[in-house]
Amino acid sequence: MRYQAPKGVSEYFPPRSQSFEWIRETLLTPIRQAGYQLLELPIFEDTELFARGVGASTDVVNKEMYTFEDRGGRSITLRPEGTVGALRSVIEHGLDRGSLPAKFFYSGQFFRAERPQAGRYRQFYSVGIEAIGSDDPALDAEVIAIAYSGFRALGLKAFHLEITSLGDKASRAAHRIDLVKFISALDLDKSTIDRAEINPLRLFDDKRAEIKELMLQAPILLDYLSPESLANFEQVQGFLNTLEIPFRINPRMVRGLDYYTGTTFEFVHEMLGAQSGIGGGGRYDGLMEEIGGRDITGIGFGLGIDRALLAAEAEGVVDTSVFLTDLLVIPMGGDAKSFAMRLARDLRPYNLTVEISFGDRSVKSAMKAADKGGVKYVIVIGDAELSSGLVEIKQMSTGTLTSSTLTSLVETLIETLSATIR
RNA sequence: GUGGUUGUAGCAUAAUUGGUUAAUGCCCUUGACUGUGAAUCAAGAAGAUGCGCGUUCAAAUCGCGUCAAUCACUCCA
């Protein structure tokens, strides 16, 4: 029996795992720089939490959750998204009691039992943030800006930002009545009618040309926004403009989770086929209260690491040079091996990646391995060096040899290696 | 979940259209080149028809099933 990974899970192993790591760290950097703090959360929660939080009418809850009974007879679900679990933790530990907004980030895997294809996995990876307890439109814009700068830091260009506002409860209710009225007058097939019954907004997202055509005439939620909601949305746009973040207003945007209100956004990549959403999020006015917390608002996003990686590969911008080895030490003989191990130990605290050539390979084969692995510098230490007290430091990219005395070797290497652009 | 396409060594391709030992390149090891990489040449090692059943004298090749990947829809990160 030859085992294989369960259907639809993404696995990352070398060399591509470096690309994955680079994506995750790059997306996380602007988040940390904006003062968000880590929330390390369980990947499973009480099933009821997701049913209430994500929304009973969503596909995510209805047909995509990994739900099972644990040994104590509890119904457990593998998290299909991050916001609800994060808020549960915030409420449970009173994290919204300090100064607001309270700002958190998380990263990890999520689970949805969908039919997989490239960019859509049953276990996928996201980084997300939540900012809780402020309705300042500047916060909306900053949250969007953080995601935007993450994608830009990856070097992505072929993507765009779509935003809309879902307004407040009253706006949505009024719109829904008219939209349902409009849809009921259309001549639709049964499965489409069924979808519309669950959530009439879904029809805005239909890929079929004839439906798109019909929906052109449908009432648009933006036209139903209350004056306050509209003013708020305009302020968000104003801040995005000051930050020079390009965006498109997409009044037909549909999000699959029930809790979104107000500002809602999506980052769409143009080279990924059908699975083109690389990130998205929005504000959630009633969610905290819905799952047992105070009635305060919040806003957040989730960015797909798997898809961001696919996008970066499609654009040819993946950069894993940060993971290159700075120095390979090739010891020849037992004394030299001890020396090499001490040298590596002394250098690594200076944030240098230092490897030792193990296994008593020939210098030639060690050099070959260094070349193939993208090592920046190499030194060979043997009896000759140990007795003469002189070592040659070889830069692989140029082939240049630089001499150093054994006694000043650590200092020389720290200086040489740190000077190289990483 | 619905429909389509594709599965050959670690990777990438080939195999007379059903024909006998499934090939080549890359990768790996060694040498030419006593302790300094990429090129070239030589030698060597290991390794595959996703899985199952069927048709046939004979299956990588045809059929059915299954598993997986992939594409579109549904949906979403």
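Numbered from 1 within each chain, the chains take letters A, B, ... in sequence-line order.
- A:E81 pairs by the side chain to side chain donor-acceptor pair (under 3.5 Å) definition with A:Y259, not counting sequence neighbours.
- With its glycosidic angle within 90° of 0, B:U17 is assigned syn.
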* For every nucleotide of nucleotides 72-77 of chain B, 5' to 3': is a protein heavy atom under 4.0 Å from its base (B), only from its sugar-phosphate (S), or from neither (-)? -> BBBBBB
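- Counting only heavy atoms from C-beta on, A:P116 has its side chain closest to B:A69 among B:C28, B:G37, B:A69.
- A:R122 contributes no side-chain N or O that, together with a main-chain N or O of A:F110, makes up a donor-acceptor pair within less than 3.5 Å.
- In terms of position along RNA chain B, the nucleotide closest to A:E392 lies nearer the 5' end than the nucleotide closest to the other residue of the pair A:E392 and A:A5.
- Side-chain contact of A:E355 with A:T325: a donor-acceptor pair under 3.5 Å is present, judged by distance alone.
- Residues A:E130 and A:Y106 have side chains that bring a donor and an acceptor to within less than 3.5 angstrom of each other.
- Backbone-only engagement by A:A118 is indicated by non-hydrogen atom pairs under 4.0 Å involving sugar-phosphate atoms exclusively.
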* To do: Verify side-chain hydrogen bond (donor to acceptor under 3.5 Å, both in side chains) between A:T297 and A:D285, making sure each step is shown before the conclusion.
  => CA-CA 4 Å; A:T297 184; A:D285 280 340; 2.7 Å; yes
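- For the pair A:E45 (side chain) and A:L78 (backbone), a donor-acceptor distance under 3.5 Å is absent.
- The side chain of A:K7 places an N or O atom within less than 4.0 Å of a non-bridging phosphate oxygen (OP1 or OP2) of B:A68.
- Aromatic ring centroids of A:Y125 and A:F20 lie under 6.0 Å apart.
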* Asked: Along nucleotides 29-35 of chain B, 5' to 3', which nucleotides get a B, which get an S, and which get a -, given that the test is a protein heavy-atom distance under 4.0 Å?
  -> S---B-B
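- Side-chain contact check for A:I381 versus A:L386: some heavy-atom pair is nearer than 4.5 Å.
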